Amino acid sequence: MAAAAVEVKDPEDNRMRNSKYVKGVQCLVETGITQIPDAYIQPPHLRLSVTKFESSNEIPVIDLAGLEDDRRSGVLEEIRNASERWGFFQVINHGVPVPVIERMMDVSRRFHELPTEEKMEHHSVDPSRSYRFQTSFNAEKQKVLEWRDSLVQRCYPPPEDDKWLKNPSDYRDAAMDYSRELRKLLKLLLAAMSEGLNLSSDTLEKCLGEEFTQMFLVNYYPPCPNPDLVLGVNSHSDPGGLTVLFQDEIGGLQVFNEGNWFEVKPLANAFVINVADQLEVLSNGIYKSVDHRAIRRIGDVARISVATFCNPTREAKIGPIAELTKMNPPLYKEYLFSDFLHHFFSMYYDGKACLDNFKLPTKP
Ligand code: OGA
Ligand code: NI
C-alpha cells in the first residue's frame with residue numbers, strides 16, 4: 001500500500017516537490033519504480049477504487065457517410081442530439097485516410113520513446129511556443145500530478161518549416177498531413193453542428209474568428225505500477241471550440257454524465273468528438289461541454305491519444321449567437337477568447353470549471 005497523498009498548500013512547496021518530476025512519467029518508469037511517488041496519488045475520493053464507472057454502448061457512434069446522401073437530415077439530428085445529451089460522440093467514415101492516422105500514431109510513439117535528454121531539449125510550459133514537451137498539464141504548479149507526458153504542437157496557422165519538431169525526421173510530414181486532414185473534418189463538423197442549430201452552415205466557423213486556430217496534443221500514458229491511485233488526465237472540460245481525439249485500442253477515456261462516469265470504448269479508426277467550452281457558449285447552452293478524464297489501466301503497454309483542438313482566434317468575440325437568444329435568454333456573457341484563456345490557465349491547477357466565470361446569473 002502506498003503512502004497517503006501529501007497535502008501541498010503553498011504553490012512554492014508544490015514547485016519544490018514537483019521539480020524532480022518535470023522529466024516526465026516515462027522517465028520515471030524507466031528507472032524501474034515499483035511504487036508511485038506521492039505527488040501522483042489522487043485524493044481518496046477521486047481514486048478509481050471508489051468512483052464507479054460504466055463501459056458504455058450509449059455514447060453515440062455516428063456514420064458520417066450519411067451526410068452525403070438522403071440520410072443527411074437524420075445524421076444532422078444524431079449529431080445535434082449527441083452534442084446536446086452527451087457533449088461526446090464517435091464518428092466513422094469521417095474521410096480521414098487510415099494511413100495518415102497510422103503514420104501520425106507511429107511518429108507519436110517514436111517521439112515519446114526517445115531518450116529523456118532529447119525530449120527535455122523541447123521542454124517548456126510556455127503555451128505560446130510552436131511545439132513543446134511537457135508532463136502533466138503543468139508539473140510545477142499542479143497539486144496532484146497526472147500520469148501522462150505530452151507533445152504539444154501548433155499546426156494552424158501553418159508554422160514555418162523550422163517550427164516543427166525535427167526528431168523523428170518524418171514527424172513534420174506526418175503531422176502536417178494529419179493536421180490538414182483534421183482541418184477538413186473540423187470544418188465538416190462545424191457546418192453540421194451549425195445546421196443542427198437551424199443556422200446556416202458557415203455560422204459556427206465564422207464565430208471562431210477570421211480562421212480558427214488548430215493545435216494537437218499527443219498524450220502518452222506509460223504503464224503504471226499502481227493504476228488505481230492515479231489519473232492519466234484529471235477531470236476537465238476543454239477550453240476551445242471543438243476537440244477531435246484519436247485513441248489507440250487500450251482505452252481509458254471517461255465522460256461524466258448525470259452523476260456517472262462512462263467509458264468511451266475504443267473503436268478502430270474512429271474519432272472521438274467533443275464539444276468544448278466555446279461551442280457551449282455560442283450555442284447558448286444547447287451543446288454541452290462536459291467533464292472528462294482519462295484513467296490508466298492495468299497493463300504493460302503505453303496508451304497514446306492525439307487530441308486536436310479547434311480554437312477561436314484570440315481576438316474572436318465569443319457569446320451566445322443572437323438567433324439563439326430570441327426565445328431563451330442568454331446564459332453567458334460576451335468576452336474575448338483571450339480573456340477566457342487567461343482565466344483557464346490560472347484555474348486548471350485547482351480543477352475548477354473556467355466556464356463558470358462567464359455565466360450570467362439566471363433569474364430565480
Ligand atoms: C485532452 C483529453 C483524453 C484522452 O487531452 O484534453 O481529454 O483520452 N485527453 O487522452
Ligand atoms: Ni480534454
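Owing to the predicted nature of the structure, the values given are computational and were not obtained by experimental measurement. Ligands are counted one by one from 1 in listed order, and the atoms in each one are counted from 1 as well.
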For [X], which part has a heavy atom under 4.0 Å from ligand 1: side chain, backbone, both, or neither?
X: H236; result: side chain
X: Y220; result: neither
X: D238; result: side chain
X: R303; result: side chain

Mind listing the closest non-hydrogen atom pair of [X] and [Y] along with its distance?
X: G240; Y: N311; value: CA-OD1, 3.0 Å
X: D149; Y: V25; value: OD1-N, 2.7 Å
X: L48; Y: L231; value: CD2-CD2, 4.2 Å

Q. Which of the numbered atoms in ligand 1 are below 4.0 angstrom from a heavy atom of S305?
A. 4 (C), 10 (O)

Q: Provide, to 0.1 Å, the distance between atom 4 (C) of ligand 1 and the closest protein heavy atom, together with that atom's residue and name.
A: Y221 OH, 3.3 Å

Q. What protein heavy atom sits nearest atom 5 (O) of ligand 1, and how far off is it?
A.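 Result: N219 ND2, 3.1 Å.
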
Q) Is the closest side-chain heavy-atom distance between I318 and P312 below 4.5 Å? A) yes

(Q) To 10 degrees, how wide is the angle NE2 (H236) to the Ni ion (ligand 2) to NE2 (H292)? (A)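 For NE2 of H236 and NE2 of H292, the angle centred on the Ni ion (ligand 2) reads 90°.
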
(Q) Quick check on side-chain hydrogen bond (donor to acceptor under 3.5 Å, both in side chains): which of Q42, K143, R148 does N234 satisfy it with? (A)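 It is Q42, the one option of Q42, K143, R148 that forms the side-chain hydrogen bond (donor to acceptor under 3.5 Å, both in side chains) with N234.
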
Q.
For the Ni ion (ligand 2), give me the closest N/O/S atom belonging to D238, just the atom name.
A.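 So the atom name we want here is OD1.
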
Q. If only atom types and distance count, is the side chain of Q278 paired as donor or acceptor with the main-chain N or O of L242 below 3.5 Å?
A.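 Side chain of Q278 to backbone of L242: no pair is present.
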
**Q.** Mutual orientation of the aromatic rings belonging to H122 and F111 [parallel < 30°, tilted 30-60°, perpendicular > 60°]
**A.**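 The rings of H122 and F111 sit tilted, inter-plane angle from 30° to 60°.
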
Q. So is R293 close enough to ligand 1, meaning a heavy atom under 4.0 angstrom away?
A.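 Judged by the 4.0 Å heavy-atom criterion, R293 does not count as contacting ligand 1.
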
Q) Does ligand 1 have an atom that lies less than 4.0 angstrom from a heavy atom of H292? A) yes

